[in-house]
2 protein chains.
Amino acid sequence: MSSNFRKQMTSLILMETKEETCKYLDHISLDCVVFGFHSNQLKVLVLHMKTTGEWVLPGGFVYEDESIEVAANRVLKVRTGLDEIFLRQFNVFSDPHRSRRNPAVSDLILSGQTYPDASWFDKRFISVGFYALVEFSQVQPQPDELSDICEWVNLDKIGKLILDHNLILNKALETLRLQLTFQPIGYNLLPEKFTMSELRKLYETILGKELDRRNFQRKILAYDILIRLDEVRQGVAHKAPGLYKFNLDNYQKALEEGLSGRW
Amino acid sequence: MSSNFRKQMTSLILMETKEETCKYLDHISLDCVVFGFHSNQLKVLVLHMKTTGEWVLPGGFVYEDESIEVAANRVLKVRTGLDEIFLRQFNVFSDPHRSRRNPAVSDLILSGQTYPDASWFDKRFISVGFYALVEFSQVQPQPDELSDICEWVNLDKIGKLILDHNLILNKALETLRLQLTFQPIGYNLLPEKFTMSELRKLYETILGKELDRRNFQRKILAYDILIRLDEVRQGVAHKAPGLYKFNLDNYQKALEEGLSGRW
DNA sequence: GCAAAAGTGTTGTAGCTACACCCATGG
DNA sequence: CCATGGGTGTAGCTACAACACTTTTGC
């Protein structure tokens, strides 16, 4: 790592943080598994570190005067351009050896403007895991000062991530599965208008198994949570599928009960 | 609060922590909602503070070299006498105003043996909530140095707790409800041998609604997770009910699928 | 004998599975 | 005109709710 490079990155960090007077809480971080759904595949937002070439989940730290939820929202707003993201914490990762000294980062924190001292990054971090559901097409992935890429990666194409981030991802996915019946997962991952196939493919991807096309349709319609629009999807090489949107009122009510079935 | 009293309590704390060289992590605490089941009622373990008379959930702090799970186990071992308690984290409570200066506690921490400095308790705490399931009769409730009572209280008799502990309790209960179908909740709350009524009352208490005695029995037996013993409960003023125990192998397998039904 | 709870049986129905069949569209 | 996926229908089965009825015990 060249001295020039260090200088450049240090100034980048300072630029971004200069006006901030709040300090971060020691020892506490957050990591986000941001899910999106596109071309019938579940995708996750990941960053590629400039210095080490490692892949990481978007994450950040918590200011002394904000809740973790607010911190996660703040972090994701920068990373995606979106406000008011659907966000749920799902687990705390606190193995004392989960984090380690990261020279690429801690080298930068010499000025101590926002961090208590230079060794701040050497400390052990307890990380709160969040999963986020976003509408794929609305996201403008933005790398941070330490990364050169921020992009969507298919769930089945995710390789080795930094630290315990693969564990975090897997746990997020497991949570998503368990919460499929009582969280508005379809609503948050799909665009406003969607076809029945798209909704079903989303369920199939999350559950990791195929569902009967016809039974799925009848079952989901029986909940009365969808509104059939007078539109069809154009430009497909077969019968044009009808478009639906969520009936948000009924959807919320149905989720309170849980979408009972076994899928 | 008399000066004598302060001295006494300070020495108590020092006694307990003298041999410990590890420091606690700043800003991070944990709180446990310990559930027990006795005389067909769900109970929670609470402490009564000597100084302020407030009721609190058992909790503690995290050493620099332990995970939160290990810390929670350590705390609960002292409070209950039990090892290897069934324990699940369910939420992080991080509202920046959730904790406040607690004079009764922070006055004690003047020596800085185990805490970084005297203002340690004044800091904001982010608390990881755990729920624990224990077998009521096995527990020996032990107050800590700051409390004079540690006892079981019926869920419906719990009054105002300190800080946001009522919120923590409610969230724990909600989690318990949601996880009833895929966590070994019956197994951990009941004694080894139990009657069908006891198991059903447990479900009824957690779910907050009555279940049909006969349908419950047939449904739960259909899962093949119980073993009917050749014993009956004696000394009841009616037909002696048969005793059951869990078939742990089958129970685990069934929980992986989820005890499907709607209860 | 009677009250109270245990234990077993029955019946109708809702909802699911597993299909068959036809429709619309692009190439 | 055919391949592809959309849309609707139906028969059989399972699981469940809502009951009735019998059994066993203490008092």
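Just so you know, these numbers come straight off a predicted model, no measurement behind them.
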**Request:** Tell me, please, which residues at least two apart from B:D164 pass side-chain hydrogen bond (donor to acceptor under 3.5 Å, both in side chains).
**Result:** B:R98
**Message:** Checking B:K77 now: which residues fulfil side-chain hydrogen bond (donor to acceptor under 3.5 Å, both in side chains) with it, not counting sequence neighbours?
**Reply:**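 B:D83.
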**Asked** Could you run down nucleotides 4-13 of chain D 5' to 3' and tag each one B, S or - for protein heavy-atom contact under 4.0 Å?
**Response** BBBBBBB---
Atom [atom1] of [X] and atom [atom2] of [N]: how far apart are they, to the nearest Å?
{"X": "B:D212", "N": "D:dA20", "atom1": "CG", "atom2": "P", "result": "11 Å"}
{"X": "B:K201", "N": "C:dA4", "atom1": "NZ", "atom2": "C1'", "result": "12 Å"}
{"X": "B:F216", "N": "D:dA18", "atom1": "CZ", "atom2": "C1'", "result": "17 Å"}
{"X": "B:L211", "N": "C:dA6", "atom1": "CG", "atom2": "P", "result": "14 Å"}

**Request:** Please name all residues satisfying salt bridge (charged side-chain N to carboxylate O under 4.0 Å, His left out) with B:E231, sequence neighbours left out, ordered by chain then number.
**Result:** B:K193
**Request:** Could you pull out all residues at least two apart from B:E69 that satisfy salt bridge (charged side-chain N to carboxylate O under 4.0 Å, His left out)?
**Result:**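 By the salt bridge (charged side-chain N to carboxylate O under 4.0 Å, His left out) rule, B:E69 matches no residue at all.
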N/O donor-acceptor pairs under 3.5 Å from side chains in residues 234-247 of chain A, not counting sequence neighbours:
| residue | atom | partner | partner atom | Å |
| --- | --- | --- | --- | --- |
| A:Y244 | OH | A:R228 | NH1 | 3.3 |
| A:N247 | OD1 | A:D249 | N | 3.4 |
| A:N247 | OD1 | A:N250 | N | 3.3 |

**Asked** In this structure, are over 12 heavy atoms from other groups packed under 6.0 Å from A:E210 atom CD?
**Response**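 Incorrect, the count does not exceed 12.
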